[in-house]
Amino acid sequence: MLQEMKLEDALKKFLQGRKVLVMYDETLEADKPAFTVEPLEEMLKRNRFLVEVPAVENPDFKETVHQMAASEKLPPQEPVREEPEVVPMEINKNLTRESRGYAGFLHIRCEHCDKTKTFCTKHQLSYYGCKECGKKTDLKNLKLAFINCECGGMARYFTNETAELIELNCINCDMPVALKYNAKKKLYETIRS
């Protein structure tokens with residue numbers, strides 16, 4: 001028997017060694033629902049995870065460098081700092097989603113006919129082909145949209161919307177959820193009542 005649960009609970013079960021399945025909504029047309037189910041382990045294998053960690057100082061290396069610098073007779077220069085300056089890692093802008101495209105839940109507004117389409121895809125998309133007008137909309141600089149429904153359903157979308165307020169349907173109960181653009185965070189968030 002399978003039971004749907006929140007992300008945190010599912011991850012706890014997975015870390016305890018239980019088999020957890022992930023269900024993707026790949027519906028392209030409203031009247032033809034399509035879902036794909038696969039093990040969480042397989043889904044995680046396809047992704048790369050980056051975590052910011054503090055720099056670790058190697059005392060042996062530091063001592064060796066200090067001895068080498070002290071033994072050589074070099075002309076006077078700036079003093080060597082005892083504590084190296086730790087610079088946070090900068091994210092290479094060339095490694096962002098634009099180079100590969102976007103996958104997952106997408107809410108796209110056609111830039112030609114202004115019709116919207118909400119769907120899920122496993123494949124990296126760099127453009128959206130509108131079924132209404134047949135023209136392409138390039139997928140660049142999409143914003144994140146986080147849905148937190150009252151039913152407990154949560155989802156993360158990419159969208160090209162520009163309006164301050166938008167509405168997306170919950171993937172669990174299909175009720176509309178109002179979202180507001182947060183300019184500081186550069187993403188859409190659920191409006192709390």
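These numbers were taken from a predicted model, which means no experiment stands behind them.
- Summarising the geometry, atom CG belonging to Leu7 is positioned 10.5 Å from atom NZ belonging to Lys12; distances are rounded to the nearest 0.5 Å.
- In terms of modelled atom types and a separation under 3.5 Å, the side chain of Asp138 and the main chain of Lys140 share no donor-acceptor contact.
- Relative ring orientation between Tyr128 and Phe119 is described as parallel, the plane-to-plane angle staying below 30° on a 0-90° scale split at 30° and 60°.
- The salt bridge (Lys or Arg N to Asp or Glu O under 4.0 Å) check on Lys185 picks up Glu189, with sequence neighbours excluded.
- Contact of the Ile171 side chain with the Tyr157 side chain is registered, since non-hydrogen atoms from C-beta on lie closer than 4.5 Å.
- Scanning for side-chain contact (heavy atoms from CB on, under 4.5 Å) contacts around Lys13 gives Met5, Gln16, Arg18, Val20, with sequence neighbours left out.
- With sequence neighbours excluded, the residues that form a side-chain contact (heavy atoms from CB on, under 4.5 Å) with Leu165 are Lys180, Ile191.
- A heavy-atom distance below 4.5 Å is not found between the side chains of Ser126 and Leu139.
- The hydrophobic cluster containing Tyr127 does not contain Leu106, counting ILVMFWY residues as joined when their side-chain heavy atoms lie under 4.5 angstrom apart, directly or transitively.
- For the ring-ring contact (aromatic ring centres under 6.0 Å, His included) test, residues two or more places apart in sequence or in another chain that qualify with Tyr181 are Tyr188.
- Heavy-atom minimum distance, Leu168 versus Ala145: CD1-CB, 4.3 Å.
- Under the rule for a side-chain hydrogen bond (donor to acceptor under 3.5 Å, both in side chains), Lys115 has no partner lying at least two apart in sequence or in another chain.
- Among all heavy-atom pairs drawn from Lys19 and Leu21, the shortest one is CE-CD2, 3.9 Å.
- Going from atom CZ of Phe146 over to atom CG of Leu179 covers 11.0 Å, rounded to the nearest 0.5 Å.
- Annotation: side-chain contact (heavy atoms from CB on, under 4.5 Å) contacts of Glu8 (sequence neighbours excluded): Lys6, Met154.
- Residues satisfying the salt bridge (Lys or Arg N to Asp or Glu O under 4.0 Å) test with Asp174, not counting sequence neighbours, are none.
- Here the closest heavy-atom approach between residue Cys170 and residue Gly153 is recorded as SG-CA, 4.3 Å.
- Counting all heavy atoms, side chain and backbone alike, Cys130 lies closest to Cys133 at SG-N, 3.5 Å.
- A chain of hydrophobic side-chain contacts below 4.5 Å, direct or via other Ile, Leu, Val, Met, Phe, Trp or Tyr residues, connects Tyr102 to Leu144.
- Remark: Glu111 engages Thr137 in a side-chain contact (heavy atoms from CB on, under 4.5 Å) (not counting sequence neighbours).
- Lys186 and Lys143 make their closest contact through O-CB, 4.3 Å (heavy atoms, listed as atom of the first residue, atom of the second, distance).
- Shortest non-hydrogen contact noted between Gly101 and Gln124 is O-OE1, 3.0 Å.
- In this structure, the side chain of Arg109 engages the main chain of Asp114 through a donor-acceptor pair within 3.5 Å.
- Checking each of Thr118, Asn160, Thr159 against His107 for a side-chain hydrogen bond (donor to acceptor under 3.5 Å, both in side chains) leaves exactly one that passes, namely Thr118.
- To the nearest 0.5 Å, atom CD of residue Glu150 and atom CG of residue Asn172 are 13.0 Å apart.
- Evaluation of the side-chain hydrogen bond (donor to acceptor under 3.5 Å, both in side chains) rule for Asn169 yields no partner, not counting sequence neighbours.
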